[in-house]
Protein chains: 2
Amino acid sequence: MTKEHDIFKSFLAEKRLKLTPQRRAILDTVFETHRHFDADELVEIIRHKEKRISRATVYRTLDLLVKAGLVTAMELGEARKVYEHVIGHKHHDHLICMKCGRAIEFDDGFIELLQQKVCDRLNFEAQTHSLRIFGRCESCR
Amino acid sequence: MTKEHDIFKSFLAEKRLKLTPQRRAILDTVFETHRHFDADELVEIIRHKEKRISRATVYRTLDLLVKAGLVTAMELGEARKVYEHVIGHKHHDHLICMKCGRAIEFDDGFIELLQQKVCDRLNFEAQTHSLRIFGRCESCR
DNA sequence: CTGATCCTTGCGACTGAGTCTCATTATATT
DNA sequence: AATATAATGAGACTCAGTCGCAAGGATCAG
Ligand SMILES: [Mn+2]
Ligand SMILES: [Mn+2]
Ligand SMILES: [Zn+2]
Ligand SMILES: [Zn+2]
């Protein structure tokens, strides 16, 4: 039993929700995928495993995974929301190339600290944040 | 003639585009509105002035104003994009209350500087950025 | 076992912000 | 004024995401 299974199971139990084969397939696939993906890509990956799944169930389950803290959702400038799993990937933000679309991950503890300072100063209780820098990547500039 | 008029006029001229009464009405209304607004709100405000305007024209002109650097567009977590004019409002980012929806503006030059450092380190040419901190505001926490 | 309760699923219909098409009208240029 | 080019409004269209609902499955009381 993986860590993410345990977390999802307790999350569901606490909310009186059930761990179904579909939810298990979604959880597994999300944690096998080590890149950003969108909901319909996830549907396709699961269907290639010969498993039946509906778009609605995938959307519904992704919401649950986000609420459980296992997945983050973000808008990287394209039309669709993209997702990535959390365990094994510490928090990071993105540089987004407006020419090729590439998303470069970065992490700067000092920026995060200063964000917290801003919140303290304004008496705001931060829960999450999203920092996106748009421009040209190394190979596109 | 206001500064924004001059800028928009040169922008249009340079691109061989035309200054129409509709574009003038949109520009004026955008600069009279000192808060975040969405495209359909703008349509309503202009129509209340007894001016005919179509949604398509408002969407198209807002894109031009963004390209001209006169307006910024952002997603504050709700469904619709919101806009605000630039002149007279220096750059800032937002704390967004997930309970009441309020957007609190802040500006931290140090954070901006560190963002530039990240870009330099990764050889990325920054054009714009969006930093949103989601949580609970003073009155909702 | 039987029935009541409650959750989940898949399907397809629906929503709604934003975009596009196109016939008509307006602006800029000469 | 004539010409070339761009802009407009109306409504059709797109498409990511949501919702309603009927059918199915687990759980539990009696
Ligand atoms: Mn990432
Ligand atoms: Mn603002
Ligand atoms: Zn690039
Ligand atoms: Zn609030």
Side-chain angles (χ1 to χ4, degrees), chain A residues 8-30 36-47 49-68 71-83 101, chain B residues 5 8-30 36-68 71-83 101:
Chain A
F8 197 34
K9 257 180 87 172
S10 345
F11 172 84
L12 292 173
E14 195 171 322
K15 294 204 135 70
R16 304 282 133 84
L17 302 178
K18 294 167 186 172
L19 183 54
T20 63
Q22 288 87 341
R23 286 178 181 166
R24 225 176 310 228
I26 292 164
L27 178 71
D28 289 346
T29 309
V30 163
H36 299 154
F37 58 86
D38 67 39
D40 282 312
E41 280 169 13
L42 190 52
V43 169
E44 285 317 304
I45 297 170
I46 294 170
R47 287 187 180 158
K49 295 180 180 173
E50 313 289 305
K51 299 210 165 105
R52 263 181 102 240
I53 197 85
S54 76
R55 290 179 75 237
T57 298
V58 165
Y59 274 104
R60 290 187 281 232
T61 304
L62 282 170
D63 286 348
L64 291 175
L65 290 171
V66 169
K67 285 194 187 111
V71 164
T72 51
M74 66 222 107
E75 293 139 49
L76 295 186
E78 303 116 60
R80 294 146 167 246
K81 247 189 223 168
V82 300
Y83 300 86
Chain B
H5 269 89
F8 196 36
K9 256 181 89 172
S10 348
F11 172 84
L12 292 173
E14 194 172 324
K15 295 204 135 69
R16 305 279 134 85
L17 302 178
K18 294 166 184 174
L19 183 55
T20 62
Q22 289 88 340
R23 287 179 179 165
R24 225 174 310 225
I26 291 164
L27 178 71
D28 290 345
T29 309
V30 162
H36 300 154
F37 57 86
D38 67 41
D40 282 310
E41 280 169 12
L42 190 52
V43 169
E44 284 317 304
I45 297 170
I46 295 170
R47 287 187 180 158
H48 277 143
K49 294 180 180 173
E50 313 288 306
K51 299 208 164 108
R52 265 180 100 240
I53 198 85
S54 75
R55 291 180 74 237
T57 298
V58 166
Y59 275 105
R60 291 187 281 232
T61 304
L62 282 170
D63 286 349
L64 291 176
L65 291 171
V66 169
K67 285 192 188 112
V71 164
T72 52
M74 66 222 106
E75 293 138 49
L76 295 186
E78 304 115 58
R80 296 147 166 244
K81 247 189 223 166
V82 301
Y83 301 85

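Sequence lines set the chain letters: A, B, ... in the order given, protein chains first and strands last, and positions in each chain run from 1. Bear in mind that the values here come from a model prediction, so they are computed numbers and not experimental data.
Within the 4.5 Å cutoff, side-chain heavy atoms of B:L62 are placed close to those of B:Y83. Between A:Q22 and A:T61, every side-chain heavy-atom pair lies at or beyond the 4.5 Å cut-off.
Looking at residues two or more places apart in sequence or on another chain, you find a salt bridge (Lys or Arg N to Asp or Glu O under 4.0 Å) between A:D40 and A:R55, A:R80. With sequence neighbours excluded, the residues satisfying side-chain contact (heavy atoms from CB on, under 4.5 Å) with B:E75 are A:E75, A:R132, B:K81, B:R132. Residues forming a side-chain contact (heavy atoms from CB on, under 4.5 Å) with B:T72 (at least two apart in sequence, or on another chain): B:M74, B:E84, B:V86. Residues meeting the side-chain contact (heavy atoms from CB on, under 4.5 Å) test with B:D63, sequence neighbours left out: none. Looking at residues two or more places apart in sequence or on another chain, you find no side-chain hydrogen bond (donor to acceptor under 3.5 Å, both in side chains) involving A:K9. The side-chain contact (heavy atoms from CB on, under 4.5 Å) test applied to B:R52 returns no partner, not counting sequence neighbours.
Along DNA chain C, the nucleotide nearest B:R80 and the nucleotide nearest B:L17 are compared for position; the residue whose nucleotide lies closer to the 5' end is B:R80. Place A:A79 and B:Q22 on DNA chain D by their nearest nucleotides, and B:Q22 ends up nearer the 5' end.
Residues of residues 52-63 of chain A that place a heavy atom closer than 4.0 Å to DNA chain C, in numerical order, are A:R52, A:I53, A:S54, A:A56, A:T57, A:R60. Listed by residue number, the members of residues 23-30 of chain A with any heavy atom below 4.0 angstrom from DNA chain D form an empty set.
The two residues A:K51 and A:A25 have their closest heavy-atom pair at CD-CB, 4.0 Å. Nearest approach of B:A68 to B:F8, heavy atoms of both residues: CB-CD1, 4.4 Å. Taking all atoms of both residues into account, the shortest heavy-atom contact from B:V66 to B:A73 is CG2-CB, 4.3 Å.
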Please tabulate, for side-chain N and O atoms in residues 10-21 of chain B, each donor-acceptor pair with protein atoms closer than 3.5 Å (sequence neighbours left out).
unit_1, atom_1, unit_2, atom_2, d
B:S10, OG, B:D6, O, 2.6
B:T20, OG1, B:R23, N, 3.1

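Here the CD-OG1 distance, from B:E44 to B:T29, works out to 12.0 Å after rounding to the nearest 0.5 Å. Expressed to the nearest 0.5 Å, how far CG of B:D28 lies from CZ of B:R24 amounts to 8.5 Å.
In DNA chain C, the stems built from three or more successive Watson-Crick or G-U pairs (distances below 3.5 Å) are C:1-30 with D:1-30.
Between B:V43 and the options B:V58, B:I26, B:D38, B:T57, a side-chain contact (heavy atoms from CB on, under 4.5 Å) holds for only B:V58.
Nucleotides of DNA chain C with any atom under 4.0 Å from a heavy atom of chain B span, from 5' to 3', C:dA17 to C:dA28. For DNA chain D, the span of nucleotides reached by chain A at under 4.0 Å from its heavy atoms goes, 5' to 3', from D:dA16 to D:dG25.
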